[in-house]
S.K.: 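Pasting a structure below so you can have a look.
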Amino acid sequence: MPELPEVEVVRRGIQQWSINRVISKVEVLHPRAVRRQIDDLAGELVGQQFGCASRRGKYLWLPFVGEDSCLIVHLGMSGQLLVQPEDSQFEKHLRVRIAFADGGNDLRFVDQRTFGLVQTDELIDDGAGGGIPSHVAHIARDPLDPLFDEDIFISAVRGNDTEIKRVLLDQGLVSGIGNIYADESLWRSKIHGNRRASSISPVHLKNLLDQAREVMSQALEAGGTSFDSLYVNVNGDSGYFSRSLNAYGQEGQPCPRCGSAIQREKFMNRSSFSCPRCQRPQRHSER
DNA sequence: CATAGATCCTGTATGC
DNA sequence: TGCATACAGGATCTAT
């Protein structure tokens, strides 16, 4: 579930539950979630206090008050950050449990597919007066970020001889966009994902970014309603997806614009959805 | 060097 | 019912 809107919903949710609380205990239930930090995550965390939650693309982090370090969380494909009573039963895929000195709710990282990540890291200068974890420094800003530089994106893309969908998914060029919002942005822009990025004019690229902004903003609004005050509800199926998706997951359904059946194509071992009439693919001979 | 494809996991849905 | 296969919202490594 986690692309920019979902991660942002989690950030806002986790923020109010974690701010200024002192960590008292950390349990790691699956080594992969913490990668190499299996032996020292607890040592790094216990005694620290969380500050304001930040996000870059799909990464979020909680800085430690008074330190130049933080806890990074990446949800991967299936990660969830939950706020749960400390005596509540462990979730089946609970990977990391963080308890607080106040004895209130735990912060829990639950992740079925174990692509997610929970790690401490040092904060470095982000070049704009803020801090960013060193592991996240290579991630570009997202298109909703006021400091996102459209011109840098466009010049980078025009020297890039790959498919436009791959560009949208390249977190080093523009962050926050995943398979769903890439397909939705491309559908709204009437561009097929296999178009060579370098063949798309700056005007069309700007429009594509605008469409990405719009669809992710709308998703963020819808995601906000799924937040439950008892715990951070990371349920991506909350209304938005059944109502508002035009292309993603809509194989065989009529294109809302022209009525043609939405098609599914293989892409990077998963799927791309597009309208065969509105979004003309680039043929091999044209590459 | 750039790029397209494979890969890490676990679970669910589908088909024979 | 049992078994095999395909696929899932990410990121990164590896052949070519």
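Treat the numbers as computed from the prediction; the structure is a model and nothing was measured. Only heavy atoms go into these numbers, but all of them, side chains included; no hydrogens, no water, no symmetry mates. Chain naming here is simple, since letters A, B, ... match the order of the sequence lines and numbering starts at 1 in each.
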S.K.: Which value, in whole Å, describes the distance between the P atoms of nucleotides C:dA11 and B:dT12?
M.R.: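 23 Å, rounded to whole Å.
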S.K.: Report the C-alpha distance between A:Gln84 and A:Glu91 in whole Å, list the side-chain angles of each, state the deciding distance to 0.1 Å, and finish with yes or no for side-chain hydrogen bond (donor to acceptor under 3.5 Å, both in side chains).
M.R.: CA-CA 10 Å; A:Gln84 295 279 51; A:Glu91 292 77 6; 2.9 Å; yes
S.K.: Distance check needed: C:dA8 C1' versus A:Leu245 CG, whole Å only.
M.R.: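 These atoms are roughly 15 Å apart.
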S.K.: State whether A:Lys266 places a side-chain N or O below 4.0 Å from either non-bridging phosphate oxygen (OP1 or OP2) of C:dC7.
M.R.: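 Checking A:Lys266 against C:dC7: at least one side-chain N or O falls below 4.0 Å of OP1 or OP2.
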S.K.: Using a cut-off of 4.0 Å on non-hydrogen atoms, how would the nucleic acid contact of A:Arg264 be classed: base, sugar-phosphate, or nothing?
M.R.: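 Result for A:Arg264 = sugar-phosphate.
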S.K.: Would A:Arg257 count as a cation-pi partner of A:Trp187, with NZ or CZ less than 6.0 Å from the six-membered ring centre and within 45° of the ring normal?
M.R.: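 Flagged: A:Arg257 positioned over aromatic ring of A:Trp187.
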S.K.: Reckon A:Gln171 has a side-chain N or O less than 4.0 Å from the OP1 or OP2 of C:dA11?
M.R.: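 For C:dA11, OP1 or OP2 has a side-chain N or O of A:Gln171 closer than 4.0 Å.
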S.K.: Could you tell me which nucleotide pairs with B:dC9 by Watson-Crick or G-U wobble geometry, both distances under 3.5 Å, or answer none if nothing does?
M.R.: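 Check on B:dC9: unpaired, no WC or wobble geometry under 3.5 Å.
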S.K.: Strictly below 4.0 Å: does A:Thr162 bring a side-chain N or O up to OP1 or OP2 of B:dA4?
M.R.: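 Result: yes.
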S.K.: Are A:Ile98 and A:Phe64 connected into the same hydrophobic cluster when the rule is that any two of I, L, V, M, F, W, Y join if their side-chain heavy atoms are below 4.5 Å apart?
M.R.: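 Both belong to a single hydrophobic cluster.
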S.K.: What nucleotide among C:dT12, B:dT3, B:dC9 has an atom nearest to a side-chain atom of A:Tyr59?
M.R.: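 Minimum distance to the A:Tyr59 side chain belongs to C:dT12.
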S.K.: Output, in order, the C-alpha distance, side-chain angles, deciding distance and verdict of side-chain hydrogen bond (donor to acceptor under 3.5 Å, both in side chains) for A:Ser175 and A:Lys58.
M.R.: CA-CA 7 Å; A:Ser175 70; A:Lys58 303 170 193 169; over 6 Å; no
S.K.: Measure CD/A:Glu6 against C1'/C:dA8 and give the value in whole Å, please.
M.R.: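 Computing the A:Glu6:CD to C:dA8:C1' distance gives 14 Å.
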S.K.: Does A:Ser271 put a side-chain nitrogen or oxygen below 4.0 Å from OP1 or OP2 of C:dA8?
M.R.: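 So the side-chain polar atoms of A:Ser271 do come within 4.0 Å of the phosphate oxygens OP1 or OP2 of C:dA8, strictly under.
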S.K.: Could you state the atom-to-atom distance from CZ of A:Phe267 to P of C:dA11 in whole Å?
M.R.: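 Answer to the nearest Å: 13 Å.
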S.K.: Mind calculating the distance between CD (A:Glu265) and P (B:dA4) to the nearest angstrom?
M.R.: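 So the CD-P distance, A:Glu265 to B:dA4, works out to 15 Å.
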S.K.: Under 4.0 Å between any heavy atoms, over every strand shown, what does A:Asp161 touch: base, sugar-phosphate, or nothing? Just pick one.
M.R.: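 A:Asp161: backbone/sugar contact only, no base atoms under 4.0 Å.
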S.K.: OP1, OP2 of C:dA11 versus side-chain N and O of A:His74: anything below 4.0 Å?
M.R.: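 Answer yes for this pair, as a side-chain N or O of A:His74 is under 4.0 Å from OP1 or OP2.
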S.K.: Among B:dC8, C:dC7, B:dA4, find the nucleotide with the atom closest to the side chain of A:Arg196.
M.R.: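 Among the listed nucleotides, the one closest to the side chain of A:Arg196 is B:dA4.
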S.K.: Taking only nitrogen or oxygen atoms into account, show me every contact under 3.5 Å that the protein makes with nucleotides 5-7 of chain B, one pair per line with its distance.
M.R.:
from: B:dG5; atom 1: N7; to: A:Arg166; atom 2: NH1; distance (Å): 3.4
from: B:dG5; atom 1: N7; to: A:Arg166; atom 2: NH2; distance (Å): 3.3
from: B:dG5; atom 1: O6; to: A:Arg166; atom 2: NH2; distance (Å): 3.1

S.K.: Mind telling me whether A:His74 and A:Tyr59 have parallel, tilted or perpendicular rings, with 30° and 60° as the class edges?
M.R.: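 Rings of A:Tyr59 and A:His74: perpendicular, as their planes differ by over 60°.
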S.K.: Select one nucleotide: of C:dA8, C:dA11, B:dG11, the one nearest the side-chain heavy atoms of A:Arg113.
M.R.: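 Between C:dA8, C:dA11, B:dG11, the one nearest the side chain of A:Arg113 would be C:dA8.
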S.K.: Taking atom P of B:dT10 as reference, at what distance in whole Å does atom CG of A:Leu29 sit?
M.R.: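 Taking atom P of B:dT10 as the reference, CG of A:Leu29 is at 15 Å.
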S.K.: Who is the Watson-Crick or G-U wobble partner of B:dC1, with both distances under 3.5 Å?
M.R.: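 The base-pairing partner of B:dC1, which may sit in any strand shown, does not exist here.
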S.K.: Rounded off to whole Å, could you give me the CD-to-C1' distance for the A:Glu251 and C:dC7 pair?
M.R.: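 These atoms are roughly 12 Å apart.
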S.K.: I'd like the P distance from C:dT12 over to B:dG11, given in whole Å.
M.R.: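 Comparing P positions in B:dG11 and C:dT12 gives a spacing of 24 Å.
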S.K.: Can you tell me, in whole Å, how much space there is between the P of B:dC9 and that of C:dC3?
M.R.: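 24 Å, rounded to whole Å.
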S.K.: So, the side chain of A:Arg95 versus the backbone of A:Leu117: is there a donor-acceptor pair under 3.5 Å, distance only?
M.R.: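 A pair under 3.5 Å: no.
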S.K.: What is the distance, rounded to the nearest whole Å, between atom CZ of A:Phe115 and atom C1' of B:dC9?
M.R.: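 My rounded result for the distance is 5 Å.
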S.K.: Would you indicate which nucleotide in C:dA8, B:dA4, C:dA11 comes nearest to any side-chain atom of A:Met77?
M.R.: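 Comparing C:dA8, B:dA4, C:dA11 against the side chain of A:Met77, the answer is C:dA8.
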S.K.: Under a 4.0 Å threshold between the charged nitrogen and the carboxylate oxygen, would A:Asp210 count as salt-bridged to A:Arg188?
M.R.: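 Salt bridge between A:Arg188 and A:Asp210, a charged N being under 4.0 Å from a carboxylate O: no.
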S.K.: Does A:Arg141 come within less than 4.0 Å of A:Asp149, counting only side-chain N to carboxylate O?
M.R.: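 A:Asp149 and A:Arg141: not salt-bridged.
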S.K.: Return the value, rounded to whole Å, for the distance between atom CG of A:Asp183 and atom P of C:dC7.
M.R.: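 After rounding, the reported distance stands at 15 Å.
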S.K.: Output the single nucleotide from C:dC7, B:dG11, C:dA11 whose closest atom is nearest the side chain of A:Gln112.
M.R.: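 Minimum distance to the A:Gln112 side chain belongs to B:dG11.
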S.K.: Between A:Leu245 and A:Gln250, is any pair of side-chain heavy atoms under 4.5 Å apart?
M.R.: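 With C-beta onward as the side chain, the pair touches.
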